[in-house]
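Below is one structure; the comments refer to it alone.
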2 protein chains.
Amino acid sequence: MPIEDKQRLQRNDRVTIRTVATHAGVSVAAVSKVMRNAYGVSEGLRAKVTGAIEELGYRPSRAARGLRGRSFTIGVLLIDIRNPFLPEVIAGVNGVLALSHYQAMIGVSDARVQLETSLIESMIDYKMDGLILVAPRLPSEIIAKLASEIPIVAVGYHDAGATAFDTVNADDQRGAEIAVEALLACGYRDIEMLSLGEREGHQVSVVRQREIGFRRAMQRAGLGSSASISKIPIAPPKREETMRKFLSRENRPRAVFCWSDLDAITLLSLAMEMGVRVPEDLAVIGYDNSSTAALGLVNLASIDQSGRELGQVATRTLISRIEGRTSAEHIFQIPSLVSRGSLIRSGSAKGA
Amino acid sequence: MPIEDKQRLQRNDRVTIRTVATHAGVSVAAVSKVMRNAYGVSEGLRAKVTGAIEELGYRPSRAARGLRGRSFTIGVLLIDIRNPFLPEVIAGVNGVLALSHYQAMIGVSDARVQLETSLIESMIDYKMDGLILVAPRLPSEIIAKLASEIPIVAVGYHDAGATAFDTVNADDQRGAEIAVEALLACGYRDIEMLSLGEREGHQVSVVRQREIGFRRAMQRAGLGSSASISKIPIAPPKREETMRKFLSRENRPRAVFCWSDLDAITLLSLAMEMGVRVPEDLAVIGYDNSSTAALGLVNLASIDQSGRELGQVATRTLISRIEGRTSAEHIFQIPSLVSRGSLIRSGSAKGA
DNA sequence: CGTTATATGGAGAACGTTCTACATTCTGTG
DNA sequence: CACAGAATGTAGAACGTTCTCCATATAACG
């Protein structure tokens with residue numbers, strides 16, 4: 001009985017929509033309709049089909065779905081998985097997605113444009129339903145082109161002029177202003193910014209935005225001429241060397257604003273090693289309010305931009321675009337200051 | 001000319017294997033053969049096809065590939081994205097994969113068994129070529145069942161008896177022993193372990209393995225009777241409360257081994273707040289040698305298990321299984337101690 | 001020159017869905 | 001009771017690959 005054999009072989013394998021249809025005694029199309037809860041399904045049919053699905057433990061193949069319709073997956077592209085800010089974003093994304101029938105698949109580009117491109121293309125080739133790009137390196141035109149193939153929301157990418165894709169950002173200019181204002185309020189006047197190395201990040205990156213905010217706030221306080229920005233390289237050996245040089249500089253400022261907690265925390269550590277007291281000799285304020293900054297040992301004042309919330313908003317924005325919106329949205333969150341010991345010795349206020 | 005129209009419509013869209021075939025003047029099957037570099041392709045054919053692929057910028061659809069053959073994607077399942085150990089593993093995976101034609105897609109389960117299961121199923125439904133599960137929560141039988149559908153390598157999952165899937169681990173028992181031995185060498189005798197709350201992690205988890213190692217090392221030193229283990233809950237409010245209680249306990253030991261840097265660092269922070277001096281009043285040793293532990297400010301001694309290397313080895317193991325190996329492999333790495341200030345005040349040795 | 005082996009390329013059936021177009025049955029209405 | 005229109009279910013063509021045969025052309029050999 002060759003037919004029997006063939007059937008057994010098929011049954012051994014995967015439970016497909018066909019298996020379900022046969023088992024429920026209905027057509028394949030009917031099962032599909034129930035799955036997508038499309039129009040034209042009676043109570044009876046629905047019951048039969050869901051029953052069969054239950055019994056067989058049927059799961060639709062995402063690969064096959066992607067080939068024809070939606071795959072109910074969204075892709076998230078992370079530039080780097082080590083910066084503790086990014087896991088927060090993921091947590092926000094997952095939180096919102098948990099309530100929907102979508103799932104997130106994450107790619108990590110390690111800040112390499114090449115890999116970033118190929119990862120995005122893969123996600124498109126998987127027919128994912130939408131993409132959240134976190135701090136992408138790609139230029140706006142390229143992202144716009146990709147956005148014609150798949151809905152895209154960029155997080156940490158300041159391009160409010162984009163029409164092809166949405167952006168969700170904390171207001172990084174404002175965040176930097178808040179940091180400067182906090183330092184000014186503590187009475188510091190000679191404030192320097194420690195930013196990211198020259199070649200990292202284009203104009204739309206959060207880093208450059210923070211630089212703009214820093215300059216503006218200094219200008220506004222009449223300190224425009226002395227608003228200087230030092231660039232810290234990322235590569236480990238050069239990075240610490242530059243920081244040490246900064247700490248032992250003769251004309252070292254009394255206060256410093258770091259573009260990221262990552263740098264601020266390393267700076268704090270080196271300062272301790274070198275006998276520079278914080279905040280007495282040097283006040284430090286970071287960015288991201290990472291969990292490490294909150295540790296009593298570290299006690300770093302920081303600008304909080306709630307990565308989690310950014311992730312949540314980005315996800316909702318993406319879903320609304322997947323479900324039909326075509327006009328671009330550009331959303332801003334306002335960051336806030338979390339004051340801690342690196343800013344001011346608790347109890348005693350610094351005079352102006 | 002309706003045919004023209006139809007062609008234009010199709011061309012507008014995606015460049016498919018058919019587009020390439022037409023453009024190169026060969027059959028679809030020929031293009032596929034070149035892509036997979038299968039047997040029976042002449043130099044001329046190959047040149048024509050690769051030329052057309054180049055010109056058209058053709059990328060095969062992963063969705064379609066998955067439906068029929070390999071998708072050249074491997075899935076990585078992370079239990080949690082916040083523990084800084086896990087990004088290290090990813091870095092290792094990506095490093096090895098960069099040299100191959102495979103790509104990684106990551107799912108984050110947030111330690112929820114439900115989500116973990118559905119993420120794994122999704123990866124199977126995407127017809128991914130293999131899976132790396134990092135510290136999965138699922139029981140061995142379930143993983144074995146899943147492994148019949150897809151090659152699986154489990155990292156941080158001590159089940160050397162598994163025949164259906166491979167495991168890659170640091171020797172967590174040995175790691176704990178090393179920690180205890182280091183504390184003993186510094187002269188401490190009353191040593192306690194701070195482990196993870198009761199309900200977290202089954203016997204095969206790294207945590208339980210470290211407990212076993214801890215007990216054994218204590219026993220071996222003739223301190224078996226006083227080898228006590230405290231469980232720290234994960235949920236934030238309870239967690240700190242328990243640690244505070246530990247720190248203010250009357251019979252607090254002189255030395256403590258924490259199952260993870262995550263806990264050790266929080267402990268260090270609380271100790272500082274509460275005026276418990278480290279290492280004078282309390283020596284601390286952690287696990288994972290995370291970058292935070294290495295900070296001068298934190299200066300936490302820790303067991304290094306090189307997450308990066310674990311990721312690399314796991315990836316190579318998975319690829320070898322994808323490419324045909326059927327017997328199970330169970331690989332062990334030996335961890336090592338990184339001594340720092342939390343263990344012993346630099347310069348002066350503690351007497352026994 | 002006939003026969004057999006060996007390369008090379010192509011036809012076409014899967015893979016598991018979605019979804020359009022159609023067939024059938026059931027209403028309600030004049 | 002005939003008939004329009006709504007409600008319900010189905011057939012079957014995509015989607016873009018892979019991969020198993022097959023067909024042909026060429027080479028090798030007696």
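Numbers restart at 1 for each chain; the letters A, B, ... are given by sequence-line order, proteins then strands.
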Sugar-phosphate, base or nothing in reach of Arg70(A), heavy atoms under 4.0 Å: nothing
Whole-Å distance separating the CZ atom of Arg14(A) from the C1' atom of dA14(C): 15 Å
Tyr39(A) side-chain N/O to dA7(D) phosphate OP1/OP2 under 4.0 Å: yes
Proximity to the side chain of Ala29(B) - top-ranked nucleotide from dT17(C), dC19(D), dC15(D): dC19(D)
Spacing between Arg18(A) atom CZ and dT10(D) atom P, to the nearest angstrom: 14 Å
Ser42(B) side-chain N/O to dG9(C) phosphate OP1/OP2 under 4.0 Å: yes
Side-chain donor/acceptor of Asp129(B) to backbone N/O of Ile74(B), under 3.5 Å: no
Main-chain N/O of Lys127(B) paired to Arg65(B) side chain as donor or acceptor, under 3.5 Å: no
Interatomic distance, Tyr126(B) OH vs dT17(D) P [rounded to whole Å]: 16 Å
Rounded distance (Å) that lies between atom P of dG16(D) and atom CG of Leu56(B): 14 Å
Exam field: side chain Tyr102(B) to backbone Val96(B), donor-acceptor pair closer than 3.5 Å: no
Shortest side-chain distance from Arg68(B), nucleotide among dA13(C), dA11(C), dT18(C): dA13(C)
Whole-Å gap separating P (dC19(D)) and NZ (Lys33(B)): 12 Å
Sugar-phosphate, base or nothing in reach of Arg62(A), heavy atoms under 4.0 Å: nothing
Short side-chain donor-acceptor distance under 3.5 Å, Arg62(B) and Thr73(B): yes
5′-ward residue of the pair Ala64(B)/Leu45(B) relative to DNA chain C: Leu45(B)
Side-chain donor-acceptor contact under 3.5 Å, Thr50(B) with Arg46(B): no
Atom-to-atom span, CD1 of Ile17(A) to C1' of dT18(C) - whole angstrom: 8 Å
Under 4.0 Å protein heavy-atom contact, by nucleotide of nucleotides 23-28 of chain C - B base, S sugar-phosphate only: ------
Side-chain H-bond candidate by donor/acceptor type, Glu329(A) with Thr317(A), under 3.5 Å: no
Nucleotide nearest Ser32(A) (side chain, heavy atoms from C-beta), chosen from dC19(C), dG16(C), dT8(C): dC19(C)
Short side-chain to backbone donor-acceptor contact, Asn83(B) and Phe85(B), under 3.5 Å: yes
Leu67(A) side chain, from C-beta outward: closest of dT17(D), dT17(C), dC15(D): dC15(D)
dG10(C) phosphate, OP1 or OP2, under 4.0 Å from Ser27(B) side-chain N/O: yes
Selection from dT10(D), dT18(D), dG16(C) that lies nearest to any side-chain heavy atom of Val28(B): dT18(D)
For atom NZ of Lys127(B) and atom C1' of dT17(C), their distance in whole Å: 12 Å
Closest nucleotide among dT17(D), dG10(C), dT10(D) to the Tyr58(B) side chain: dT17(D)
Side-chain donor or acceptor of Tyr58(A) paired with backbone N/O of Thr19(A) under 3.5 Å: no
Nucleotide dT18(C), atom P - distance to CG of Asp129(A) in whole Å: 12 Å
Given dT18(C), dT17(C), dT17(D), the nucleotide with the shortest approach to the side chain of Ser61(A): dT17(C)
